[in-house]
Enquirer: 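Have a look at this one before I ask anything.
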2 protein chains.
Amino acid sequence: MSVSVILVSHDPGLARHWQAALSDVPARLLGSFADLHQQSVQAGSVVWLDADLPDLPRGDDARWVSLLADARVVLASANPQRDAAVAWLEKGCAAYCHAFADADTLRQIQDVVASGNVWVGRELMQQLLATVQRAAAVRAPAQPDWARDLTEREQEVARLVAQGASNRDIANQCNITERTVKAHLAAAFAKLGITDRLQLALRVHGIQ
Amino acid sequence: MSVSVILVSHDPGLARHWQAALSDVPARLLGSFADLHQQSVQAGSVVWLDADLPDLPRGDDARWVSLLADARVVLASANPQRDAAVAWLEKGCAAYCHAFADADTLRQIQDVVASGNVWVGRELMQQLLATVQRAAAVRAPAQPDWARDLTEREQEVARLVAQGASNRDIANQCNITERTVKAHLAAAFAKLGITDRLQLALRVHGIQ
DNA sequence: GCCGATATTGTCCATCGGTACAGGGTGTGA
DNA sequence: TCACACCCTGTACCGATGGACAATATCGGC
């Protein structure tokens with residue numbers, strides 16, 4: 001059975017920094033992503049990943065799927081980038097931070113992530129919120145026709161479909177199961193007299 | 001100088017819950033926003049605000065300015081709403097959470113906020129990220145000319161897809177096999193950087 | 001004549017989407 | 001209290017879809 005905290009970095013200085021900060025939790029140190037992939041990672045483990053690892057796989061690599069399913073991944077970069085942060089967090093990472101953040105912050109991240117939550121730095125959070133505000137302003141106006149007979153939830157799902165989201169996307173975003181998404185969609189289809197999501201998307205956008 | 005913690009709620013049950021969870025930090029309990037406004041709030045204090053306070057001012061109230069400038073405000077609602085969360089966080093609150101979150105979570109929020117960071121729950125975070133991703137997708141490509149790189153046949157198939165036709169429909173209409181339809185679609189997907197017919201339909205209709 | 005772009009078709013297979021059974025939980029109005 | 005609407009979830013099935021390998025044929029240009 002593996003330890004509950006795993007640090008992965010090829011940079012000795014960074015490894016020392018992390019070990020010093022997290023000295024009160026038992027952590028195992030690995031030198032590459034390949035090393036990590038050979039381990040059997042215990043469910044619920046916290047994995048600290050150096051974003052500058054030479055062998056860090058791209059986002060679409062299959063190894064991420066199992067890792068993100070089992071472990072809680074903290075991605076730490078010496079050069080944090082906003083777009084990268086959004087991409088990784090959206091993919092399922094539990095935190096994105098500066099690799100050389102101070103020890104208190106690192107400990108805090110460890111605590112937050114270990115308890116199943118997501119940690120995000122203040123600046124990044126402000127940027128995300130501003131973006132969301134802007135996006136909300138664009139969509140605001142209420143729809144009359146197609147939405148009339150649909151329940152709140154059905155409308156919400158329909159709007160997401162109309163943006164091109166898959167059932168799984170919607171499930172994640174609404175925090176419900178894919179099955180429930182299907183239920184709402186089936187109800188919406190029946191009410192609107194259509195049979196598939198594409199027709200629904202066209203309806204929502206006022207086409208046909 | 002000790003950083004103080006102020007709890008503001010009119011609900012005795014909630015107040016007890018908070019006091020029990022945060023028993024290891026010295027906290028002052030107030031019963032209304034008006035009470036809070038009469039205090040001189042020490043800079044860096046953490047203020048826990050019950051979002052269901054009867055006298056909670058609206059977002060544009062002037063009192064928020066000074067409060068948010070001085071203190072780190074945790075807004076806790078018994079009925080957390082996504083839009084409210086975004087609005088408050090964007091306004092400068094340091095956290096938005098469920099008022100009756102478990103004690104461990106409340107302590108964690110206190111720690112994170114006290115150190116100057118922002119705390120956001122997992123579900124809300126997922127929603128924010130999905131929204132940001134979608135907003136980015138809207139801005140980035142912005143192709144008015146979806147047809148430019150497509151061959152005649154690919155455009156023809158794409159237009160039919162955009163009307164809601166299935167591969168079989170298109171095959172019949174164009175007098176080709178379903179397999180060929182798939183080939184044209186695959187080519188169009190690759191050229192447009194998308195992966196499914198719904199995205200294609202949205203593009204053709206000038207959405208996204 | 002060869003090369004590249006286009007159009008066509010094939011098989012195989014993993015995943016997605018939609019439907020058909022099923023059920024449990026909550027809140028509201030009669 | 002009971003009916004009803006709404007929300008949520010489960011298993012199972014099957015057709016539609018999209019990607020990964022192909023291959024063949026035509027046509028225009030170098």
Side-chain angles (χ1 to χ4, degrees), chain A residues 58-66 68-69 91 146-204, chain B residues 78-82 98 100 123 126-127 130 147-204:
Chain A
R58 295 175 28 138
D60 51 5
D61 193 290
R63 286 171 291 179
W64 285 110
V65 179
S66 57
L68 289 170
K91 184 167 292 298
W146 62 271
R148 238 195 31 234
D149 293 332
L150 304 190
T151 69
E152 278 300 314
R153 214 40 159 171
E154 286 159 6
Q155 292 180 32
E156 186 180 358
V157 172
R159 281 191 206 94
L160 290 169
V161 163
Q163 313 247 317
S166 70
N167 288 344
R168 185 176 300 173
D169 293 337
I170 300 170
N172 289 333
Q173 184 154 354
C174 297
N175 226 35
I176 56 181
T177 63
E178 212 171 316
R179 177 63 187 85
T180 308
V181 176
K182 289 184 176 185
H184 291 312
L185 280 181
F189 291 165
K191 289 177 180 174
L192 297 176
I194 54 181
T195 56
D196 63 75
R197 63 203 302 107
L198 212 160
Q199 303 282 343
L200 178 58
L202 296 178
R203 237 4 140 70
V204 171
Chain B
N79 272 15
Q81 303 289 327
R82 177 222 149 110
H98 196 295
F100 289 95
E123 299 86 352
Q126 283 174 352
Q127 293 181 22
R148 223 192 44 224
D149 292 333
L150 303 190
T151 68
E152 279 299 317
R153 215 41 161 167
E154 286 159 4
Q155 292 180 32
E156 186 180 359
V157 172
R159 280 191 205 93
L160 290 170
V161 163
Q163 313 252 315
S166 70
N167 289 343
R168 186 175 303 171
D169 294 337
I170 300 170
N172 290 334
Q173 190 156 343
C174 296
N175 273 329
I176 54 180
T177 61
E178 208 172 320
R179 177 62 188 89
T180 309
V181 176
K182 288 184 177 184
H184 291 312
L185 280 181
F189 292 164
K191 289 178 180 175
L192 296 175
I194 56 182
T195 56
D196 63 73
R197 64 202 302 106
L198 181 48
Q199 304 276 348
L200 178 59
L202 295 176
R203 277 294 184 90
V204 171

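Computation of the quantities below employed the complete heavy-atom set of this structure, encompassing side-chain atoms and omitting hydrogens, waters and symmetry-equivalent molecules. Chain naming here is simple, since letters A, B, ... match the order of the sequence lines and numbering starts at 1 in each.
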Enquirer: Between D:dC6 atom P and A:L150 atom CG, what is the distance in whole Å?
Expert: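 One finds 10 Å between P of D:dC6 and CG of A:L150, rounded.
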
Enquirer: Can you tell me how far NZ of A:K191 sits from CG of A:D149, rounded to the nearest 0.5 angstrom?
Expert: 7.0 Å

Enquirer: Which angle, to the nearest 10 degrees, lies between the helix axes at the two ends of the helix from C:dG1-D:dC30 to C:dA30-D:dT1, each defined by five pairs?
Expert: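 Answer for the end axes of this duplex: 30°.
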
Enquirer: Could you give the distance from CG (B:L160) to NE2 (B:H184), rounded to the nearest 0.5 Å?
Expert: 11.5 Å

Enquirer: Taking B:R153 first and then B:E156, would you say they form a salt bridge - that is, a charged N and a carboxylate O separated by under 4.0 Å?
Expert: yes

Enquirer: What is the distance, rounded to the nearest whole Å, between atom CG of B:L198 and atom P of D:dA16?
Expert: 18 Å

Enquirer: Do the side chains of A:N167 and A:L185 get nearer than 4.5 Å, heavy atoms only?
Expert: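 Yes; the side chains approach each other to less than 4.5 Å.
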
Enquirer: Starting from C1' on D:dA16, measure out to CZ on B:R168 and report it in whole angstrom.
Expert: 9 Å

Enquirer: Closer than 3.5 angstrom, by distance alone: can the side chain of B:E178 be matched with the main-chain N or O of B:A171 as a donor-acceptor pair?
Expert: no

Enquirer: Is it true that a side-chain atom of A:Q155 and a backbone atom of A:A147 form a donor plus acceptor pair closer than 3.5 Å?
Expert: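 Yes: the side chain of A:Q155 pairs with the backbone of A:A147.
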
Enquirer: Which letter, B, S or -, goes with each nucleotide of nucleotides 5-12 of chain C from 5' to 3', with contact meaning a protein heavy atom under 4.0 Å?
Expert: -SSBBBB-

Enquirer: Nearest whole angstrom, please: distance from the P of D:dG18 to the CD of B:Q199.
Expert: 11 Å

Enquirer: Between atom CG in A:D196 and atom P in D:dA16, what is the gap in whole Å?
Expert: 12 Å

Enquirer: To the nearest angstrom, how far is B:N167 atom CG from D:dG19 atom C1'?
Expert: 13 Å

Enquirer: Sequence neighbours left out, what passes side-chain hydrogen bond (donor to acceptor under 3.5 Å, both in side chains) with A:T177? Give chain and number order.
Expert: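 Only A:T180 meet the side-chain hydrogen bond (donor to acceptor under 3.5 Å, both in side chains) criterion with A:T177.
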
Enquirer: B:R159 side chain to B:V204 main-chain N or O, any donor-acceptor pair under 3.5 Å?
Expert: no

Enquirer: Round to the nearest Å and state the distance from B:D169 atom CG to D:dG15 atom C1'.
Expert: 14 Å

